[in-house]
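This one's a predicted model, so the numbers in the text were calculated from it and none came from an experiment.
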Amino acid sequence: MANRLAKEKSPYLLQHADNPVDWYPWDLEAFQKAAKENKPIFLSIGYATCHWCHVMAHESFQDPEVASLMNHTFISIKVDREERPDIDMLYMSVCQMLTGSGGWPLTVIMTPEKEPFFAVRIYPARPDSDERHAGTYPQYQGDLGNAKG
């Protein structure tokens with residue numbers, strides 16, 4: 001079943017239109033829903049030719065278990081950095097300030113008011129999927145709780 005990205009024009013967003021993640025494009029509807037449901041925003045920024053964006057899509061966003069966790073915990077927004085360089089530049093700066101580095105895919109967790117409180121370059125679903133990044137989405141919930149205070 002296609003998500004809201006099926007209506008978009010960006011090749012990158014269309015690549016995610018059949019993910020089980022309930023993706024939103026960057027629009028008012030997503031932020032209003034997050035505020036109404038009191039959920040944080042999971043912002044994922046990438047581009048169509050990004051190798052690691054495809055890896056993360058395959059290992060995480062196409063995984064029904066990960067998608068279920070994301071759909072329950074967040075309002076998820078997918079952004080094509082080539083279509084919205086303004087959003088990419090802003091949140092890449094946030095990631096670099098918070099972590100000392102950046103890159104794609106970029107994941108930022110923020111409030112419905114667009115206030116970021118967590119950023120990371122890539123976050124694999126399982127610890128064995130990418131040895132360079134030890135976190136996992138279940139661990140991520142603990143990280144998220146700690147970040148929110």
Q: Answer whether the closest heavy-atom distance between the side chains of Phe61 and Ser44 falls below 4.5 Å.
A: yes
Q: Decide yes or no on side chain to side chain contact (heavy atoms under 4.5 Å, CB included) for Leu43 and Val79, but give the supporting numbers first.
A: CA-CA 7 Å; Leu43 175 62; Val79 169; 3.6 Å; yes
Q: Decide whether Ser10 and Glu8 meet the rule of one side-chain donor and one side-chain acceptor closer than 3.5 Å.
A: no
(Q) Walk me through whether Phe118 and Val108 qualify under side chain to side chain contact (heavy atoms under 4.5 Å, CB included). (A) CA-CA 6 Å; Phe118 186 86; Val108 176; over 6 Å; no
Q.
Does the structure place the NZ or CZ of Arg4 under 6.0 Å from the centre of the six-membered ring of Trp23, at an angle of no more than 45° from the ring's axis?
A. no
Q) Does the pair His54 and Gln15 meet the rule for a side chain to side chain contact (heavy atoms under 4.5 Å, CB included), with working shown? A) CA-CA 9 Å; His54 291 284; Gln15 289 173 355; 3.2 Å; yes
Q: Identify the heavy atoms of Leu5 and Pro25 that sit nearest to each other, and give their distance.
A: CD2-N, 3.7 Å
**Q.** 4.5 Å side-chain heavy-atom contact, Leu106 and Met92
**A.** yes
Q: May I ask you to check if Lys78 and Tyr12 form a cation-pi contact, with NZ or CZ under 6.0 angstrom from the six-membered ring centre and within 45° of the axis?
A: no
Q | Phe31 side chain near Ile75 side chain, heavy-atom distance below 4.5 Å | A | no
Q: Please step through side chain to side chain contact (heavy atoms under 4.5 Å, CB included) for the pair Tyr47 and Glu83, ending with a clear verdict.
A: CA-CA 9 Å; Tyr47 56 104; Glu83 185 178 75; over 6 Å; no
(Q) Can you tell me if His58 has over 12 outside heavy atoms packed within less than 6.0 Å of its NE2? (A) no
